[in-house]
Protein chains: 4
Amino acid sequence: MAINDVQTLFAKSLDESSLTAKQKAVLRASLTLFSEKGYDHTSTKDIAQAAAVSEGTVYKQFKTKEGILTAILGPFVQQVLPRIATEFLGDVMNTSYPDFADLLRSIVADRLSFALNNRKQLRILAQEMVANAKIIEGFQQQVDRVLPRVFPVIQHYQQQHQLVDWEPSRIARYMISTMMGYVLPVILSDTDTLDVAKASKETTEFLLKGLRP
Amino acid sequence: MAINDVQTLFAKSLDESSLTAKQKAVLRASLTLFSEKGYDHTSTKDIAQAAAVSEGTVYKQFKTKEGILTAILGPFVQQVLPRIATEFLGDVMNTSYPDFADLLRSIVADRLSFALNNRKQLRILAQEMVANAKIIEGFQQQVDRVLPRVFPVIQHYQQQHQLVDWEPSRIARYMISTMMGYVLPVILSDTDTLDVAKASKETTEFLLKGLRP
Amino acid sequence: MAINDVQTLFAKSLDESSLTAKQKAVLRASLTLFSEKGYDHTSTKDIAQAAAVSEGTVYKQFKTKEGILTAILGPFVQQVLPRIATEFLGDVMNTSYPDFADLLRSIVADRLSFALNNRKQLRILAQEMVANAKIIEGFQQQVDRVLPRVFPVIQHYQQQHQLVDWEPSRIARYMISTMMGYVLPVILSDTDTLDVAKASKETTEFLLKGLRP
Amino acid sequence: MAINDVQTLFAKSLDESSLTAKQKAVLRASLTLFSEKGYDHTSTKDIAQAAAVSEGTVYKQFKTKEGILTAILGPFVQQVLPRIATEFLGDVMNTSYPDFADLLRSIVADRLSFALNNRKQLRILAQEMVANAKIIEGFQQQVDRVLPRVFPVIQHYQQQHQLVDWEPSRIARYMISTMMGYVLPVILSDTDTLDVAKASKETTEFLLKGLRP
DNA sequence: GATGAATGAGTCTTCATTCAT
DNA sequence: AATGAATGAAGACTCATTCAT
């Protein structure tokens, strides 16, 4: 399953990296603080204290404060995101669901779980995307690279008359929008929790209705 | 039409307010700078310069920097938003569209235009909602107050078998999500422009399919 | 009696002055605020509000903030103080108390009352003397001018063997010190009140013992 | 002798404290500047420059500007003052002067020296006491705690008919007042210097006369 | 590698003072 | 005479970043 891969990949980038225990602590503390108080409102002093480390240590590996953000978001955006996309597409292709309904069910459940498991990073990502024009462009580029690879899949089901004959980008938009409708509130307010099973079922039900020919 | 009212209302709150020409310049400059660089990355010195005004003047009316934000977002969230909601519901009720399709077309076109016309404020609102736990709560409260008033309308069309028999909140969620799918990218990246007519048509088409019984 | 003269003199400087009602209000408000929060911690805005007057009005008569202080302390130090000293000496000389004890009783009662009646000004005076090297010099000059005129009186009683044969300045020092011992606590903490009658009696009793030949 | 202890104690609190050389420079510079220009008229920039240190360094140890004041006055009021009082009383009790005259001579010489050696701090203390209601209360509390411990000593000499039969608090008041009469002018105007030997002699002479039965 | 003292530019905010109306 | 909007120079404080130990 892709889900586990996501976590594994991200965990790996922490373990494989030539980071000392203290520097990992810095990253972990930063992840929490950034998602709680936002990047701008987190001082390097805060991070050092939360990581039980001196401020000097914070700057040993990550030359700047933005370096920490990059260390958290960079792999997420530039590696983890595309790679899981590829794997995921491989999954889809290999399994080659005969039914679009089955594919949709798989996609939705997978993505919702992913979002739930990576709430903190996604929250930081959202914060930075909204505050930082540069980040949003980087994200846009990744999306633009990944999305077209999904189009053939969509077209495949359109040819089999299982999907309405709209532009693939439009269909992708609705899929993403509808999932976001469940995910965004959870990311923004840490209070609510998401019943993934129910949400997946509802999302699939609506999308199947709305996207059938 | 509600659209014009929105603009009028907001324009009024600038004109009616006991603000000097210079103070209005402060507000206008802040609106632009906040939406461009974000609230945190805009210094009061920036604002003063952009408004061609001294820093002292900035603080004459708006006691604090946050006061400026409140002056921009406050009316938007606490007055404009609810008021247009009420007016809008009045519109809907009075006109009493016999067809849900007509209602939907009206809603979608209206909301998309509103979003487009208030891009900057919405961008700031998004920034603050993501960065500021308090703002998101205030927004949530407004939503919680307005949304239930829409439910009867939904139920009305359900009884007439024009709408699928799901919970009103779920139906509202999909309507909002789908519209957000068009609006969010425009808000976040000021580059793209939205073809409201086309977007309205597409949104309506999809929602009608997905929400019919 | 000298006491009333003091008040009269000070009141006169308010009434006689070519000040409008509003400007007098400024002076009254300043007197209160300065004595409560100190000169430095009182802003001209505070004064304007407390006097129910615009900031512009504050500056109409008193060109600067220090001008207000001068308007309050100036007459007190440069006119009122010396003048009452003169009058008082005239009193003493004219009445020509045969007994030093009678003179002392008169002096002490008079000065303690004066201090009590002018608490606020004295408090401000104390604040400024301690904070401001210039003020203390001005005060010192006045003291140096007034004090020598008291010496003959002291010497008179020394020649009559009613007063110990110390330097007049030393005798004056003890008289002032002892009275200050009662007055200072009252000035510094507005809470206590002084039983002038009792204090006068005690002070006189001690000084007579300590200063007799 | 208590005198040396005073200096030692205060010097210790500088040396023992975990302060860098630079931080001590900050404290020294502040002590001078505060006593010269007053707390309010000394900016943190002034302090930094006088200490040949960056403003950041000033704030490293002393979180706020008031923190510097506390670092200077705090130990003085809360530790040094009471401790020397205790030690001093120990001195008095142990030595158990048979003659009140001897005790008085000892007290007066000791206190006058102390005042002279701590001019700067006392000047700042005076400034703050007059400007700051809180400081004066803290000081009052210390006085209220220390003074009653002196009363038994006074009563002891009263029983031996060496001291007039007034309330101990009244006797203490005159002792303090008379000493203050010599000390205050020196503290307020840094120009004069005090001939401690002469002042002690005079003070004792007057008090003995004034306080004998 | 790790520390934390040191830096200094930058931030929000206050305030005495001026001036057009 | 009176107003209060406007000014801009400080002021206290923060923070990312560097460097000697």
Side-chain angles (χ1 to χ4, degrees), chain A residues 18-23 26 40-49 51-68, chain B residues 18-23 25-26 40-48 51-68, chain C residues 18-23 26 40-49 52-68, chain D residues 18-23 25-26 40-49 51-68:
Chain A
S18 59
L19 296 177
T20 64
K22 300 209 168 187
Q23 286 160 352
V26 168
D40 283 318
H41 294 139
T42 303
S43 71
T44 51
K45 193 181 178 187
D46 288 339
I47 296 173
Q49 282 176 345
V53 139
S54 76
E55 270 195 85
T57 301
V58 173
Y59 278 84
K60 201 71 188 186
Q61 189 73 18
F62 317 101
K63 308 301 182 191
T64 69
K65 188 187 169 191
E66 205 184 338
I68 305 177
Chain B
S18 60
L19 295 176
T20 322
K22 300 212 169 187
Q23 312 276 11
V26 169
D40 282 318
H41 294 139
T42 303
S43 71
T44 51
K45 196 179 179 183
D46 288 341
I47 295 173
V53 140
S54 76
E55 265 193 276
T57 300
V58 174
Y59 278 85
K60 194 77 185 189
Q61 200 78 216
F62 316 101
K63 310 300 182 192
T64 67
K65 189 186 169 191
E66 204 184 339
I68 305 176
Chain C
S18 59
L19 296 177
T20 64
K22 299 209 168 187
Q23 285 161 350
V26 168
D40 282 318
H41 293 138
T42 303
S43 71
T44 51
K45 194 183 178 186
D46 288 340
I47 295 173
Q49 282 176 344
V53 141
S54 76
E55 270 195 87
T57 301
V58 173
Y59 277 83
K60 200 73 187 185
Q61 188 74 18
F62 317 100
K63 308 301 182 192
T64 68
K65 188 186 170 191
E66 204 183 339
I68 305 176
Chain D
S18 60
L19 295 177
T20 322
K22 300 210 171 190
Q23 311 275 11
V26 169
D40 282 319
H41 294 138
T42 304
S43 71
T44 53
K45 196 179 180 183
D46 288 341
I47 295 174
Q49 283 174 346
V53 139
S54 76
E55 263 193 276
T57 299
V58 173
Y59 279 86
K60 194 78 184 189
Q61 199 77 218
F62 315 100
K63 309 301 181 194
T64 67
K65 189 187 169 191
E66 204 184 338
I68 305 177

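Residue A:Val58 is the one, among B:Thr42 and A:Val58, whose nearest nucleotide of DNA chain E lies closer to the 5' end (criterion: closest heavy atom). Nearest-nucleotide positions on DNA chain F place B:Ala21 closer to the 5' end than the other of D:Ser43 and B:Ala21.
Closest heavy-atom contact between C:Tyr59 and C:Thr64: CE2-CA, 3.9 Å.
Note on A:Thr57: every side-chain N or O is 4.0 Å or more away from OP1 and OP2 of E:dA2. In terms of phosphate contacts, D:Gln23 brings a side-chain nitrogen or oxygen within less than 4.0 Å of OP1 or OP2 of E:dA6. Taking side-chain N and O atoms only, C:Ser54 has no distance below 4.0 Å to OP1 or OP2 of F:dG4.
Counting to the nearest Å, the P atom of E:dA16 and the CD atom of C:Gln49 are 12 Å from each other. Rounded to whole Å, the distance from CG on D:Asp40 to P on E:dT14 is 16 Å. Straight-line distance from the CD atom of A:Gln61 to the C1' atom of E:dT3: 16 Å, rounded to whole Å. In this structure, the CD1 atom of C:Ile68 is 10 Å from the C1' atom of E:dA16, given to the nearest Å. In this structure, NE2 of C:His41 is placed 14 Å from P of F:dG11, rounded to the nearest angstrom. The interatomic distance linking B:Phe62 (CZ) with E:dT14 (P) rounds to 15 Å, in whole Å.
Qualifying side chain to side chain contact (heavy atoms under 4.5 Å, CB included) partners for A:Gln49, counting only residues two or more places apart in sequence or in other chains: A:Lys45. Annotation: side chain to side chain contact (heavy atoms under 4.5 Å, CB included) contacts of B:Lys60 (sequence neighbours excluded): B:Gln23. Applying the side chain to side chain donor-acceptor pair (under 3.5 Å) test to B:Thr44 and every residue at least two apart in sequence or in another chain returns B:Glu55. Taking the salt bridge (charged side-chain N to carboxylate O under 4.0 Å, His left out) definition, one finds that C:Asp46 meets it with C:Lys37, sequence neighbours left out.
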Please convert DNA chain F into dot-bracket. A pair counts if it is Watson-Crick or G-U wobble with both distances under 3.5 Å; crossing pairs go in [ ] and bases paired with another strand get |. .||||||||||||||||||||
Anything under 3.5 Å between a protein N or O and an N or O of nucleotides 17-21 of chain F, put it in a table, one pair a line.
from: F:dT17; atom 1: OP2; to: A:Tyr59; atom 2: OH; distance (Å): 3.1
from: F:dT17; atom 1: OP2; to: A:Lys65; atom 2: N; distance (Å): 2.7
from: F:dT17; atom 1: O4; to: A:Glu55; atom 2: OE1; distance (Å): 3.3

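Although no hydrogens or angles enter the test, the distance criterion places no donor-acceptor pair under 3.5 Å between the side chain of C:Lys22 and the main chain of C:Ser54.
Separating the CG atom in C:Asp40 from the NE2 atom in D:His41 is a distance of 3.5 Å, to the nearest 0.5 Å.
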